[in-house]
Student: 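Dropping a structure here in structure tokens format, bear with me for questions.
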Amino acid sequence: MTVNILAIESSCDETSASVISDGKVLNNIIATQSVHEKYGGVVPELASRAHQQHLIPTIHEALSQSGISKAELSAVAFTRGPGLLGSLLVGGSFAKAFAFGLGLPLIEVNHMEAHILAHFIEDPKPSFPFICLTVSGGHTQLVLVRDYLDMEVVGETLDDAVGEAFDKTAKLLGLPYPGGPHLDKLAAAGDPHAFSFPVTSMKGLDFSFSGIKTAVLYFLRDRLKEDPDFIKTRMADICASVQFSLISMLMLKVKKAAATYGVSQIAIAGGVSANRGLRQTLTDLAEEMGWQVFVPRLEYCTDNAAMIAMAGYFKYQRGIFCDLEVSPSAKMKIGNND
Ligand code: KG4
Ligand code: ZN
């Protein structure tokens, strides 16, 4: 019998629904919340309210586009965490009610595991074991992936996520939120060696990105004193130099992780993997190191329900379901689903 799963993602500021049939993603409907732009960051209260408005139309579109009726569904998968509690509650409550109403099994999905499992939506797919660098607005992790549902965090940021470092730097430069993609675009025309920003290296495979914001803050303060038009005239060079330093910090640990675990397949996941500088640097490094690199299509890099559907499918195959009592978990960790 065909396995059809409806998946729901609502961990942050994207409301998304997807239908997967026998492991093949049929669609990936995403409603982006523009309400946060004017605040320069995601406002949790507004995010949960926007999820309430977007959720039913998004699910309706995913189901009708797929041509699969509610009666043909085999299960409902949803993001349990990590993420914003209020946002998770909206998607989670809907998923529970929907599954209960239709008498369907319910599958809870860890958002960070799903980012990694997005690599199995389309070819080429990595084989086990591989290292995944998960880089988003909330996380920076190096994960050793032994199997679809056997993952271990081997390194992570001790403070800010790298996406946060991109966004905070962009904010200092007066760029709109989220600043990561803007900084990326401007960096393409700049010289990455024009200015030098710190490359911090923590012990083992851990990261630290909080220093860069302060470094950029003081750097701009000093330069603007000399030349009030400094940002305007050197924007591309500043962006390229900050980006270079952030990517260097990431690459340093990817190299170390690959050597430590004897792995030559490297994957990247999460919103920051859309960064062109990061993709290029990783591709160049792979050639030098003899690695095989895997980068999902952009649509599957940022928050989306297709990755939740993929993760849900793997759990369905193994008969891993949850009950209606399960509550959202803002700080849910890979390999420790409490
Ligand atoms: O995974 P994601 O969509 O959401 C979560 O945080 O879970 O990641 C969003 C982050 C934001 O910090 C955004 O600025 C960053 O990914 N981002 C980028 C690029 N595209 C998105 N950062 C740098 N360069 C990009 N092209
Ligand atoms: Zn995410």
Side-chain angles (χ1 to χ4, degrees), residues 7-16 18 28 30-33 36-37 40-42 44 47 51 78-85 87-88 91 109-119 132-141 143 156-157 160-173 175-190 192 209 212-213 239-240 242-247 249-250 267-282 295-308 310-311 330-334:
I8 299 166
E9 154 66 26
S10 72
S11 66
C12 190
D13 59 342
E14 319 274 5
T15 314
S16 182
S18 167
N28 184 33
I30 303 173
T32 302
Q33 304 178 358
H36 309 287
E37 275 163 25
V42 176
H51 280 304
F78 72 102
T79 306
R80 183 178 163 214
L84 301 171
L85 209 51
S87 292
L88 292 165
V109 171
N110 179 315
H111 180 87
M112 300 311 292
E113 293 182 4
H115 266 305
I116 296 170
L117 296 173
H119 287 92
C132 186
L133 172 69
T134 309
V135 278
S136 72
H139 295 88
T140 307
Q141 292 182 330
V143 182
E156 63 188 325
T157 183
D160 289 354
V162 67
E164 224 176 322
F166 268 106
D167 295 341
K168 284 178 176 172
T169 304
K171 197 170 179 181
L172 291 172
L173 293 169
L175 299 172
Y177 177 86
H182 296 281
L183 200 144
D184 178 11
K185 213 164 154 192
L186 290 160
F209 294 103
I212 196 105
K213 192 190 98 177
C239 289
V242 173
Q243 184 166 294
F244 177 80
S245 142
L246 292 172
I247 295 172
M249 288 190 249
L250 292 172
I268 50 173
V272 183
S273 52
N275 185 274
R276 280 164 294 178
L278 175 61
R279 286 174 178 234
Q280 191 55 52
T281 311
L282 195 58
V295 192
R297 207 155 25 107
L298 198 59
E299 176 185 355
Y300 301 134
C301 279
T302 48
D303 289 350
N304 68 87
M307 66 184 196
I308 306 301
M310 201 68 242
K331 299 209 180 306
M332 194 175 186
K333 294 214 166 48
I334 282 180

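Atoms within each ligand, like the ligands themselves, are counted from 1 in listed order. All values reported here derive from a predicted model rather than from experimental measurement.
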Student: Of all the non-hydrogen atoms in the protein, which one sits nearest to atom 4 (O) of ligand 1, and at what distance?
Tutor: D303 OD2, 3.3 Å

Student: Going by the atom numbers of ligand 1, which of them fall below 4.0 Å from some non-hydrogen atom of H115?
Tutor: 1 (O)

Student: Looking only at heavy atoms, what is the nearest atom pair of I308 and A114, with distance?
Tutor: CD1-CB, 3.6 Å

Student: How long is the span from the CD atom in E113 to the CE atom in M307, to the nearest 0.5 Å?
Tutor: 11.0 Å

Student: Does N304 offer a backbone N or O that forms a donor-acceptor pair with the side chain of S16 under 3.5 Å?
Tutor: no

Student: Determine whether more than 12 heavy atoms belonging to other residues, nucleotides or ligands lie under 6.0 Å from atom NZ of K168.
Tutor: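 Yes, because the 6.0 Å sphere around NZ of K168 holds more than 12 heavy atoms from other groups.
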
Student: At under 4.0 Å between heavy atoms, is it the side chain or the backbone of D167 that contacts ligand 1, or both, or neither?
Tutor: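 It is the side chain that gets close, since no backbone atom is under 4.0 Å.
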
Student: By atom name, which N, O or S atom of D303 is the nearest to the Zn ion (ligand 2)?
Tutor: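 Of all N, O or S atoms belonging to D303, OD1 is the one nearest the Zn ion (ligand 2).
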
Student: Please compare S273, G137, G163 and report which has the shortest non-hydrogen distance to atom 10 (C) of ligand 1.
Tutor: G137

Student: With a cut-off of 2.8 Å, does H139 put an N/O/S atom close enough to the Zn ion (ligand 2)?
Tutor: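 Looking at H139, which is the residue asked about, there is no N, O or S atom under 2.8 Å from the Zn ion (ligand 2).
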
Student: Considering only heavy atoms of S136, which atoms of ligand 1 have at least one such atom less than 4.0 Å away?
Tutor: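 Reading through ligand 1 atom by atom, the close ones are 1 (O), 5 (C), 6 (O), 7 (O), 8 (O).
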
Student: Any non-hydrogen atom of G138 lying under 4.0 Å from ligand 1?
Tutor: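 Right, G138 reaches ligand 1.
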
Student: Give the C-alpha distance, both sets of side-chain angles, the deciding distance and a yes or no for side chain to side chain donor-acceptor pair (under 3.5 Å) between H111 and S11.
Tutor: CA-CA 8 Å; H111 180 87; S11 66; 3.3 Å; yes

Student: Distance-only, no hydrogens or angles: does the H119 side chain make a donor-acceptor pair with backbone N or O of I116 under 3.5 Å?
Tutor: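 Side chain of H119 to backbone of I116: a pair is present.
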
Student: Any idea which N/O/S atom from H115 gets closest to the Zn ion (ligand 2)?
Tutor: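 Considering only N, O and S atoms, H115 comes nearest to the Zn ion (ligand 2) through NE2.
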
Student: Starting at OG1 of T15, measure out to CD of Q33 and round the result to the nearest 0.5 Å.
Tutor: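 Reported to 0.5 Å precision, the distance equals 4.5 Å.
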
Student: Give the residue, atom name and distance (to 0.1 Å) of the protein heavy atom nearest atom 22 (N) of ligand 1.
Tutor: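 Result: G180 CA, 3.5 Å.
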
Student: Backbone or side chain, does any N or O of E164 fall under 3.5 Å from an N or O of ligand 1?
Tutor: no

Student: Between D184 and ligand 1, find which residue part has any heavy-atom pair under 4.0 Å and reply side chain, backbone, both or neither.
Tutor: side chain

Student: Identify the protein heavy atom lying closest to atom 15 (C) of ligand 1, giving its residue, its atom name and the separation to 0.1 Å.
Tutor: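 The protein heavy atom lying closest is V272 CG2, 3.8 Å.
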
Student: So how far is it from L282 CG to S273 OG, rounded to the nearest 0.5 Å?
Tutor: 10.0 Å

Student: I need the contact type for E14 against ligand 1. Using non-hydrogen atoms and a strict under-4.0 Å cut-off, is it side chain, backbone, both or neither?
Tutor: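 Looking at E14 and ligand 1, no heavy atom falls under 4.0 Å.
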
Student: Taking distance alone, with N or O pairs closer than 3.5 Å, would you say T302 contacts ligand 1?
Tutor: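 N/O-N/O distance below 3.5 Å does not exist for this pair.
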
Student: Is there a side-chain contact between P82 and N110, using heavy atoms and a 4.5 Å cut-off?
Tutor: yes

Student: Among all protein heavy atoms in this structure, tell me which lies nearest to atom 24 (N) of ligand 1, with the distance rounded to 0.1 Å.
Tutor: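 That would be N275 ND2, 3.0 Å.
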
Student: Any N/O of G271 closer than 3.5 Å to an N/O of ligand 1?
Tutor: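 G271 vs ligand 1: N/O contact under 3.5 Å present.
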
Student: Rounded to the nearest 0.5 Å, what's the gap from CD1 on I212 to CG on L246? Could you check?
Tutor: 4.5 Å

Student: Examine ligand 1 and decide if any of its atoms is less than 4.0 Å from a heavy atom belonging to R276.
Tutor: no

Student: If we ignore angles and hydrogens, is there a donor and acceptor under 3.5 Å between the side chains of H115 and T134?
Tutor: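 Note: H115 and T134 side chains miss the donor-acceptor criterion.
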
Student: Side chain of H51, backbone of E9: donor and acceptor closer than 3.5 Å?
Tutor: no

Student: So is G179 polar-close to ligand 1, meaning N/O to N/O under 3.5 Å?
Tutor: no

